[in-house]
Amino acid sequence: MKRKYGLSSNFDSIFALASTSQRSAIHLHRVSGRNLFEIISKYVYKPSNQNENLNIDLLLQKSNGKAISHYVYLKDQNLNLIDDVMITFFPAPKSYTGEDIIEIGVHGNPLISAKLQSLLRSIGMRDAEPGEFTQRAVLNGKMDLAQAEGINQLIHTETLGGIQLARNTVEGVLSKETELIRDQLISMLSYLEAHIDFAPDEVGDYNPSSLLPQMEEAKSKLEALLNTYSTGLKVREGVKVALLGKPNAGKSSLYNALLRYERAIVTNIPGTTRDVLEDRLVIQNKDFVLIDTAGIRNTTDTVEKIGVERSLKTASIADIICFIINLENIEYEKISDVIKFEIKAFLSEAKLSKDQKILIVISKKDLLNEKIIKNIENIFKSCISEFRTEPFGFCLDSNIVVTSTENTDLLSKHLVILHEELTGMLTKNENPALISMRQKNKVEIAIKCIDDAVNLIKQRDFPEKISSIINHARQSLQEIVGEIHLDNVLEKIFSTFCIGK
Ligand SMILES: Nc1nc2c(c(=O)[nH]1)N(C=O)[C@@H](CNc1ccc(C(=O)N[C@@H](CCC(=O)O)C(=O)O)cc1)CN2
Ligand SMILES: Nc1nc2c(ncn2[C@@H]2O[C@H](COP(=O)(O)OP(=O)(O)OP(=O)(O)O)[C@@H](O)[C@H]2O)c(=O)[nH]1
Ligand SMILES: [K+]
């Protein structure tokens, strides 16, 4: 049967275990190459009559170019049984790689898998390199390079947010966005090329300034795209929430309550927590990294001092700061002063930036009287007015929440809202995001080129020069999705893949 093979058709047939190699229910092996079915048919037998080969050609005719699975007996060259297996044939070009693919599911014993692999080696196939299946998929036009990076991330990411971003990339959302911007650049290029090739009486006066609005538009799209890299990191790695405050504020207790297990040591001794603790936390499918810190105070204890330094360092890298204030045993009249004093002391010690969110958390709700709980919001509003100016301006939209270890629902709700404020709509399906440093670098180059082109336009420079630099921007965007001819670049990208992917 004639099948259409892609660009990678000159390559060897490759195989790899696509599943774990541990003892398990099933090991799934994958083979990709050309004329695979003809080669393998000798070793595949009918379950009903183990002396009769399965007629794969007939099977494929019935399946009409689509993948088809069958239960068969697999034997080696000496006609010794390897295993009874499920085998799936994906005829080229309708497969993951665009070549013929065979998937073989054997019983998940490493010894059985070794037998199968030695058969495959002995019939001229070789072990696949990391990412080689996906590399062939790219070469055969089944997906572009950005999508391949999405697949790699889909497998390696450790967060739900990371999966969502990777999925969007696999679906081609990023590829589409770069194509839109590329199209814009191409339309500018065609204007410039027309003025290079033709006289003004044919194509009108040369007025490069007319390109400026389009340049600005392309640039702002690229800058928005560039921003998705750092926001995407927050989505992928989890938004960092640091619990900060004075000793005995109740930080470790809240840490445990949010994580729902006794992770950190809690005692009534101030200065219990000495080091920074970190754990993953998922609330409503949103990923956080929760960080417990040592209580901040002046201390002569050497170990605690280091702990305090680390707390302040954590404060500067956190996305969300939960500043925890303990009002137990504080008279109603003094509350405003205590809140002001503690926030001021914290802000004067910690180095914060405007991008960080601050949430004021009043702890130990169960120990506070009703009057305090009822009025705390108003007290807070009146006393933070003095933080609304520089250098405290970032406190502007701070919220306050009263909580106890008994019930952290309200605190969780605030964290989810702040997560959304920090990550925006990035995880929604329509939104593209840069998911690798490589992609980010390409966008940065494109932005730099556009800046240079704008300067040349303002100087009314020759269309040749402007065109060449815009073309460079276009090329850089093109490289996000592919058209990279340098083997070492491709090798570098695919070397981080799993074997068998
Ligand atoms: N058993 C198995 N499970 C798997 C994979 C696989 O390769 N095998 N995948 C591997 O990553 C993922 C699914 N992705 C896949 C993507 C494309 C094709 C494929 O055969 N595409 C053909 C036919 C499409 C069709 O019939 O509509 C094509 O694109 O032409 C298969 C799996 C996850 N699960
Ligand atoms: N009743 C009550 N007690 C609490 C609550 N949260 C914390 N505590 C108590 O307050 C004391 C200090 O709590 P921790 O969680 O260790 O405080 P911390 O801020 O981590 O303290 P350091 O490690 O010293 O910085 C402990 O005795 C806790 O049991 C709460 O919501 N209600
Ligand atoms: K403590």
Side-chain angles (χ1 to χ4, degrees), residues 11-33 36 40 43-44 47 67-76 80-90 95-138 142-143 147-167 169-171 236-238 279-280 282 285 287 435-436 491-501:
F11 295 158
D12 326 337
S13 294
I14 51 172
F15 65 87
L17 192 55
S19 63
T20 167
S21 59
Q22 318 288 325
R23 196 177 304 281
S24 54
I26 292 162
H27 282 177
L28 188 69
H29 295 259
R30 198 153 57 151
V31 191
S32 182
L36 277 190
I40 206 80
Y43 309 97
V44 175
I68 186 158
S69 292
H70 219 73
Y71 174 64
V72 299
Y73 274 69
L74 194 65
K75 296 187 184 179
D76 66 16
N80 290 323
L81 183 69
I82 294 177
D83 198 4
D84 60 325
V85 305
M86 279 302 295
I87 190 163
T88 308
F89 305 96
F90 298 78
S95 73
Y96 180 74
T97 56
E99 303 177 321
D100 284 347
I101 282 188
I102 295 175
E103 289 186 357
I104 302 170
V106 301
H107 292 92
N109 183 327
L111 294 171
I112 299 176
S113 282
K115 280 194 193 185
L116 170 59
Q117 290 180 330
S118 86
L119 169 68
L120 297 175
R121 273 180 214 119
S122 69
I123 58 179
M125 301 171 179
R126 69 166 170 84
D127 293 68
E129 303 290 336
E132 200 171 5
F133 287 87
T134 307
Q135 189 169 3
R136 290 188 177 190
V138 171
K142 293 303 229 179
M143 66 178 78
Q147 289 173 304
E149 285 177 305
I151 298 252
N152 193 27
Q153 204 150 97
L154 196 54
I155 287 172
H156 285 102
T157 186
E158 292 182 19
T159 61
L160 294 170
I163 287 181
Q164 187 58 54
L165 288 193
R167 275 243 60 86
T169 312
V170 169
E171 300 297 340
R236 273 151 51 199
E237 295 183 351
D279 259 283
R280 289 198 179 285
V282 178
N285 288 334
D287 300 282
I435 59 163
S436 72
E491 236 164 63
K492 197 170 152 214
I493 292 168
F494 288 103
S495 67
T496 65
F497 276 62
C498 294
I499 300 223
K501 196 68 221 178

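Below, each value reflects all heavy atoms present in this structure, side chains not excepted, and no hydrogens, waters or symmetry copies.
Applying the side-chain contact (heavy atoms from CB on, under 4.5 Å) criterion to Ile112, with sequence neighbours excluded, gives Ile82, Asp83, Val106, His107, Asn109.
The heavy-atom pair separating Phe133 from Ser32 by the smallest distance is CE2-CB, 3.6 Å. Of all the heavy atoms in Lys142 and Tyr96, the pair that sits closest is CG-O, 3.5 Å. Closest non-hydrogen pair, Thr88 versus Ala67, comes out as CG2-CB, 4.4 Å. Contact between Gly150 and Val170 at its shortest, heavy atoms only, is C-CG2, 3.6 Å. Here the closest heavy-atom approach between residue Gly161 and residue Asp287 is recorded as N-OD2, 2.7 Å.
Atoms OG1 and CD1, from Thr134 and Ile151 in turn, are 6.0 Å apart once rounded to the nearest 0.5 Å. Distance check, rounded to the nearest 0.5 Å: CZ of Phe15 to CD1 of Ile123 gives 9.5 Å. Going from atom CG of Leu74 over to atom CG of Leu81 covers 8.0 Å, rounded to the nearest 0.5 Å. Distance NE2/His70 to CE/Met86: 8.5 Å, rounded to 0.5 Å. A distance of 10.5 Å separates OG of Ser113 from CZ of Arg23, quoted to the nearest 0.5 Å. Interatomic distance, Thr97 OG1 to Met143 CE, rounded to the nearest 0.5 Å: 9.5 Å.
Taking the side chain as every heavy atom from C-beta outward, Thr159 and Arg280 approach each other to under 4.5 Å. Val31 has its side chain within reach of Met125: a pair of non-hydrogen atoms, C-beta onward, lies under 4.5 Å apart. The shortest distance between side-chain heavy atoms of His27 and Pro110 falls below 4.5 Å. Put simply, the side chain of Ile26 does not reach to within 4.5 Å of the side chain of Ser19, judged on heavy atoms. Arg121 is listed as a side-chain neighbour of Asp127, based on a closest heavy-atom distance under 4.5 Å. Between Glu149 and Gln153, the closest side-chain pair of non-hydrogen atoms is not below 4.5 Å.
No donor-acceptor pair under 3.5 Å is formed between the side chain of Thr157 and the backbone N or O of Leu154. Of the possible donor and acceptor atoms, none in the side chain of Ser95 sits under 3.5 Å from a partner among the backbone N and O of Asp100.
Around atom CD of Glu171, more than 12 heavy atoms belonging to other residues, nucleotides or ligands sit under 6.0 Å away.
Of the listed residues (Ile102, Ile40, Ile14), just one forms a side chain to side chain contact (heavy atoms under 4.5 Å, CB included) with Leu120, and that residue is Ile40.
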